[in-house]
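Take a look at the structure set out below.
It should be emphasised that the depicted structure is a prediction, and the values quoted were computed from it without experimental measurement.
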Amino acid sequence: MTGTKAFLRCPHCDTAAIVRTSVRHSKLLRESTLQCRNALCGHTFTAYTEIVRTISPSACPSGDICLPMTSASESAALKAKLAEEQAATGKSE
């Protein structure tokens with residue numbers, strides 16, 4: 001895909017890393033093994049991805065999931081950052 005951001009970047013050389021394997025620990029937590037795409041670096045590492053809050057509520061919520069809502073100020077900051085990124089790349093929704 002063109003124009004997509006890397007999920008994670010190598011902490012050593014800042015090159016995009018690709019997910020090689022992934023294990024789901026819970027509905028909100030996943031552990032992934034990643035590999036740097038820079039062949040000269042070759043760093044392989046693990047990372048946790050955790051879902052921590054809701055920005056926009058689900059239309060079909062699960063009763064066993066309880067996530068805090070993003071505050072109005074956080075939501076406004078996220079919208080401003082998205083608009084800024086879209087303007088920088090020349091894209092719009």
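Here N38 pairs with C13, T15, C36, L40, C41 under the side chain to side chain contact (heavy atoms under 4.5 Å, CB included) rule; sequence neighbours left out. Applying the side-chain hydrogen bond (donor to acceptor under 3.5 Å, both in side chains) rule to S26 yields no partners; only residues at least two apart in sequence or on another chain are considered. Remark: T21 engages T33 in a side chain to side chain contact (heavy atoms under 4.5 Å, CB included) (not counting sequence neighbours). Every residue meeting the side chain to side chain contact (heavy atoms under 4.5 Å, CB included) condition with I18, not counting sequence neighbours, appears here in chain and number order: R20, R37. When the side-chain hydrogen bond (donor to acceptor under 3.5 Å, both in side chains) test is applied to S56, no partner is found at least two apart in sequence or on another chain. Every side-chain hydrogen bond (donor to acceptor under 3.5 Å, both in side chains) that S62 has, sequence neighbours left out, goes to D64. H12 pairs by the ring-ring contact (aromatic ring centres under 6.0 Å, His included) definition with H43, not counting sequence neighbours. Checked against side-chain hydrogen bond (donor to acceptor under 3.5 Å, both in side chains), S22 has the following partners two or more places apart in sequence or in another chain: R30. In this structure T49 satisfies the side chain to side chain contact (heavy atoms under 4.5 Å, CB included) test together with F7, sequence neighbours excluded.
Summarising the hydrophobic clusters (Ile, Leu, Val, Met, Phe, Trp, Tyr; side-chain heavy atoms under 4.5 Å, direct or chained), the residues clustered with I51 are L28, I65, L67. With a 4.5 Å cut-off between side-chain heavy atoms of Ile, Leu, Val, Met, Phe, Trp and Tyr, the cluster of L29 takes in Y48.
In this structure a side-chain-to-backbone donor-acceptor pair under 3.5 Å is missing from T54 to P57. With hydrogens and angles ignored, the 3.5 Å screen pairs a side-chain donor or acceptor of E74 with a backbone N or O of S71.
Summarising the geometry, atom OG1 belonging to T70 is positioned 6.5 Å from atom CG belonging to L78; distances are rounded to the nearest 0.5 Å.
Residues H25 and V23 are in side-chain contact: their nearest non-hydrogen atoms beyond the backbone lie under 4.5 Å apart.
Of all heavy-atom pairs between A17 and F45, the closest is CB-CZ, 3.7 Å.
For the salt bridge (Lys or Arg N to Asp or Glu O under 4.0 Å) condition, no pair includes a residue of residues 49-62, sequence neighbours left out.
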